[in-house]
Protein chains: 2
Amino acid sequence: MEKPDKRNSILTAAEELFSDLGYEGTSTRQIAKEAGANMSMISYYFGSKEGVFLEIMNRRMENFKAELTIIDEYQIPPMEKLFKVIEGYTTKILSNISFHKMMHRELSLAQRPEMYCKLKEAMSGNLNVIEKIIHQGIAEGSFRPVDIRMLIASIMGTITNVATMPSKITEGSILDITIPKDREILTQRLIIHLTDLVNTYLTPKK
Amino acid sequence: MEKPDKRNSILTAAEELFSDLGYEGTSTRQIAKEAGANMSMISYYFGSKEGVFLEIMNRRMENFKAELTIIDEYQIPPMEKLFKVIEGYTTKILSNISFHKMMHRELSLAQRPEMYCKLKEAMSGNLNVIEKIIHQGIAEGSFRPVDIRMLIASIMGTITNVATMPSKITEGSILDITIPKDREILTQRLIIHLTDLVNTYLTPKK
DNA sequence: CAAAACTAATCAATCGATTGATTGATTTTT
DNA sequence: AAAAATCAATCAATCGATTGATTAGTTTTG
């Protein structure tokens, strides 16, 4: 016997719809229809449309954080740490594009102050780890002195650009990030590019 | 004597609201109120809410394009071209953040196919200019061979990251991109970082 | 053990509020 | 006076949310 489990199907449907159409662009009727559930199930399980949104964000955020702080503990050179952070971050984001789109829109619009703060907090937590690593590298002389915040903007921005930009925009490229196989290829290509970029940029000239 | 010019005040109000609240998150009543105009003025001048949106986007896009193609014509080394492109692009985007936010959301959501195509076209036009320059540099040996598309993603992504991310996220930084004076500082800092980054990354190792 | 009581999950129907848009009358400009 | 611009009032449609009723599964009771 199959379990309907409308609760999860609502979350799944809502995440995709929010990601594709935006929060305001998605109606509770669409969510219910897509989830194969009755509208009232949304209120029943999550209280409101915003409740669904918050549940999705909180879930994904929990799964997202931490990870990076562990890498910082490793006893390896800063450059190796940076590589691991880049690999971890890229993989995470490219395998959760829907959430990443939602998150970015949330930070850009800044309408739900509570959620905004949570995201900001989670975000700057990750930022600080990266900043610390780069700072350490510069201090010990294994990195060139650079504008740390701007370099982080480059790293984050590159990943976001690949993740959110419609792949069709890169004309000629047949890769489509919505296709799992292509996404895997893109992920590796992005990791290679970013590690090459920061390595070249941060390695002191002889 | 002041001219009411409701038409323009509607466009101005709508651009800011669309940028802050998103397209679906903005109501025609808000636009009218903010513009100090009657609701029906929106239909009168633009036909519909979407008409307002399209007018804003088309205006800004016209103003945005071209510029880059001229740079490509200059008789200067590829690296100098790239610097000029970066400077021009960065300045343009950071002085039109509202439009840039709208544009990115439009590309991310892809709901109005017609507008989406226009934006894609304008975007890939700019991309191709940059690609051509980098390609030329690699061909003549003044650039290292790199993943061109990914490098472009880094350049664009960095600018977008600085432009769309709430400045508060960079804790410690007191710079607020919404304040003109701070924005000017950030713009210069961003240009310096990007030129330094691409210069270091593209210059062949001796 | 079986009847009764309770609970979680689901549904169709409907609520008041808000949406984008339009109307016809009125004012301003030319 | 003709044209252009503006207004208050109103439209049908859709929004998010709630209601009361129903079902199925579990617990408690006698």
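Quick note on labels: first sequence line is chain A, next is B, and so on, each numbered from 1. None of these values were measured; they are calculated from a predicted model.
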Separation of D:dT6 C1' from B:F46 CZ (nearest whole Å): 15 Å
Protein-nucleotide distance (B:I10, atom CD1; D:dA5, atom C1'), rounded to Å: 11 Å
Residues A:R59, A:E15: salt bridge by 4.0 Å N-O rule: no
Note: A:E80-A:K84 ion pair, threshold 4.0 Å (strictly below): no
B:Y45 side chain near D:dT6 phosphate (N/O to OP1/OP2, under 4.0 Å): yes
Distance in angstrom units between A:K49 NZ and D:dG16 P, rounded: 4 Å
Polar contact flag, side-chain donor to acceptor under 3.5 angstrom, B:N58-B:K118: yes
Under 4.0 angstrom between A:K6 side-chain N/O and C:dC11 OP1 or OP2: yes
Nearest-nucleotide 5' precedence on DNA chain D, A:Q30 against B:A37: B:A37
Rounded interatomic separation in angstrom, taking CD1 from A:I42 and P from C:dC11: 12 Å
Distance, rounded to the nearest Å, where B:M39 contributes CE and D:dC7 contributes C1': 12 Å
N/O (side chain, A:S27) to phosphate O (OP1/OP2, D:dC15) under 4.0 Å: yes
B:L21 CG - C:dT18 C1' separation (whole Å): 16 Å
Interatomic distance, A:R29 CZ vs C:dA13 P [rounded to whole Å]: 14 Å
Nucleotide D:dG16, atom P - distance to CE of A:M41 in whole Å: 17 Å
Value rounded to 0.5 Å, distance of NE2 in A:H135 from CD1 in A:I148: 5.0 Å
Options C:dC11, D:dC7, D:dC15, nucleotide nearest the side-chain atoms of B:S40: D:dC7
Side-chain N,O (A:Y44) to OP1/OP2 (C:dC11) below 4.0 Å: no
Contact under 4.0 Å: B:N38 side-chain N or O vs D:dA8 OP1/OP2: yes
Flag side-chain contact, heavy atom, 4.5 Å: B:Y23 against B:M102: no
